[in-house]
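Report on the structure given below.
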Amino acid sequence: MVTGKFASAVLLLLAAGRLAISAQVDWAAFFRDALSPDRATQDAAREKGLGEIIPNLCREDGKIATAEIPDLAAQLEQRDSRIRTQASAVLFVVARFRPDSAAVLASAMAALIDHVDDPIEQTRQNCVNALAELKPEIPAEALPLLIKLSEDPDPVIAPGAIFGVARMAPSYPQAVEVLSRILSTESPPDRNLAGIRAIAGTGMTDVRLLAKLGELLSDKDLRVQRAALLAINRLSGQAVTLNRDAIEAFAATSTDVDMSALARRLLGQPHQ
Amino acid sequence: VGNSSTRIGVWRRAGDKGCVRGPLLSSEQHVSCGNTLYVGTPYYDAGVTTRYGSDALASDGYTLRTDTVYHDCHYTDDVFKEDNSQMFGSISGGGGSVTTNFYGTVNDQTSDLGTLTPGLGYNVTYSISTGNPAFPAYTFDYSHKCYPAYEAYVGAQRIYGYKPSFNDPVDISYCLAGGLVISGATIGTVN
């Protein structure tokens, strides 16, 4: 009898749990509460969002997550810019943390691309960053757009697009060409810096691009020099081997004590 | 009345994988106010962040060991002076009341959350009035991201504080992307 009651209770709990997971989120209501002028309503929405909705969306079954996306992406069309930012932030974390985000977010691609031009800076940034974070691979169709956006003068757009192009470089020679131009000493320092961060952040192995880091060690801009050396340090192995001469020259001429010491360490020379 | 300032702090501790950041990203802004509320020159400081290797955390779970050899993922791995170029403010009033608005974004270069992690962000307005000179009053309107911790002061008086209760990469990324922004207002008298 006790065993029977226990089994029933377990079944009820399992059913309740399944319902809790599969129940779709009312995104309009969630964002309305999150933006409420009443702090208690805000706090309750934040507790639910951070404790349940967002982590679940990033971890639960792909089919369940996919079913959430059309209603979520529809919030990007709201006139209230604050709601669009909220929705774009959710799409960004889904893109970043779900290993199947390219498939899960397929129905949101058009909206993400549209709102790369959103008037709100944070929304623009979230949309381009979401495209650049799609996993396991960024869809091939996105490459022309990311290449175009990599040249965007908007400082919140180009870094995300360049990171996306770098993620696509192992499969697309065109992406390597673009990155090679970005890493040229002829490019402005901000583009160099975004390119270097992308190379380091994606664990780049393309020898042509790794060699570019060595060239940037003699750039006029000290920020670029520093970023290039830190990227070489982070990538290590081939990045050091390919750029040994440039690192030696840097170690001999740099006035930055910290960076000079790092360069010597990369060469296997004793700390001075 | 003294200075009003906003402090923004990351309190993440060193974790157990790779190079991680330490607990102190601080950012302060000050505006000088005399007894009759002079409008002073704002001061912006994006602060310094330190990244630590995974071996930096001592056995007490709190103390961080440091050294002076950087970029080796051992004890202190790097120290950054953060960029304050995106910190702004405006000031109006004088005499009996002054209103100061501070807003901005600051990136955390030690972030271990990925290349495309947005920076922290805030937009706050202090209004201080000496209509009753014995009890100067303040109003503080705030809007900020839900990560990291934020505090507001008038002189040494803490008038607002927020500390996130989570430390999960998903939640942190969501907050820094502008999700679940915290906004409100608080009023009181200056001690």
Side-chain angles (χ1 to χ4, degrees), chain A residues 30-31 34-39 42-43 45-47 49-51 54-55 57-59 82 85-94 96-97 120-123 125-126 128-130 132-133 155-156 159-160 162-164 166 194 197-198 200-202 229-230 233-234 258-259 261-262 265-266 271, chain B residues 18-19 51 67-74 76-81 83 85-86 103-105 107 109-121 123 141-147 160 162 164-186:
Chain A
F30 173 55
F31 293 144
L35 296 167
S36 167
D38 175 55
R39 181 64 194 264
Q42 262 182 52
D43 289 349
R46 189 168 55 258
E47 283 295 311
L50 297 175
I54 304 304
L57 191 59
C58 290
R59 288 160 192 157
R82 299 173 307 158
T85 301
Q86 297 296 309
S88 68
V90 179
L91 292 167
F92 165 66
V93 292
V94 171
R96 166 174 276 189
F97 289 102
I120 303 301
E121 182 177 286
Q122 183 75 69
T123 306
Q125 186 178 37
N126 288 342
V128 71
N129 287 357
E133 291 269 13
V156 303
I162 291 171
F163 183 80
R197 288 191 193 109
T202 54
L229 190 68
L230 291 175
N233 180 45
R234 181 168 172 183
D258 176 29
M259 288 294 102
L262 173 59
R265 208 162 57 244
L266 287 173
H271 188 62
Chain B
C19 285
R51 184 171 60 211
D67 66 4
T68 55
V69 179
Y70 299 163
H71 316 295
D72 56 355
C73 286
H74 170 63
T76 308
D77 185 65
D78 207 348
V79 178
F80 297 93
K81 175 72 187 81
D83 177 15
S85 66
Q86 298 303 309
Y103 62 97
T105 59
N107 284 321
Q109 295 181 74
T110 64
S111 173
D112 56 345
L113 292 172
T115 305
L116 300 183
T117 301
L120 55 86
N123 188 338
D141 290 284
Y142 56 88
S143 173
H144 60 77
K145 293 184 177 181
C146 53
Y147 192 88
Y160 173 73
Y162 165 80
S165 57
F166 53 89
N167 206 10
D168 179 277
V170 171
D171 287 341
I172 294 172
S173 294
Y174 180 48
C175 282
L176 293 178
L180 298 171
V181 168
I182 294 165
S183 62
T186 181

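Chain letters run A, B, ... following the sequence lines, proteins first, then strands; residues in each count from 1.
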_Using side-chain heavy atoms (C-beta onward) and a distance below 4.5 Å, is A:Leu50 in contact with B:Cys175?_
yes

*Hey, does B:Leu180 have a side-chain heavy atom less than 4.5 Å from the side chain of A:Phe30?*
yes

Roughly how far, to the nearest 0.5 Å, is [atom2] of [Y] from [atom1] of [X]?
X	Y	atom1	atom2	value
A:Arg46	B:Ile182	CZ	CD1	3.5 Å
B:Tyr142	A:Arg39	OH	CZ	4.0 Å
B:Thr115	A:Ile162	OG1	CD1	12.0 Å
B:Thr105	A:Gln122	OG1	CD	8.5 Å

_Tell me which of these, A:Thr85, A:Asp43, A:Thr123, A:Leu262, has more heavy-atom pairs under 4.5 Å with chain B than the rest._
A:Leu262

*asked:* Please rank A:Arg197, A:Arg96, A:Gln125, A:Glu47 by heavy-atom pairs under 4.5 Å with chain B and give me the top one.
replied: A:Arg96

For a quick test of reading the model, state the closest non-hydrogen atom pair linking [X] to [Y] and the distance between them.
X	Y	value
B:Leu116	A:Glu133	CB-OE2, 3.9 Å
A:Ala89	B:Ala177	CB-O, 3.6 Å
B:Val181	A:Gln86	N-NE2, 3.9 Å

*So what's closer than 4.5 Å to chain B heavy atoms on A:Asn233: side chain, backbone, both or neither?*
side chain

*Portion of A:Val90 that has a non-hydrogen atom of chain B nearer than 4.5 angstrom*: both

*Considering the options A:Leu229, A:Leu266, A:Leu230, which one meets the side chain to side chain contact (heavy atoms under 4.5 Å, CB included) requirement together with B:His71?*
A:Leu230

*Identify, with sequence neighbours excluded, every residue that meets ring-ring contact (aromatic ring centres under 6.0 Å, His included) alongside A:Phe31.*
A:Trp27

*Using salt bridge (Lys or Arg N to Asp or Glu O under 4.0 Å) as the criterion, list what pairs up with A:Asp258, not counting sequence neighbours.*
A:Arg226

*asked:* Need one label for B:Thr186: side chain, backbone, both or neither, based on atoms under 4.5 Å from any heavy atom in chain A.
replied: neither

_Carboxylate-amine/guanidinium proximity below 4.0 Å for A:Arg59 and B:Asp168_ = yes

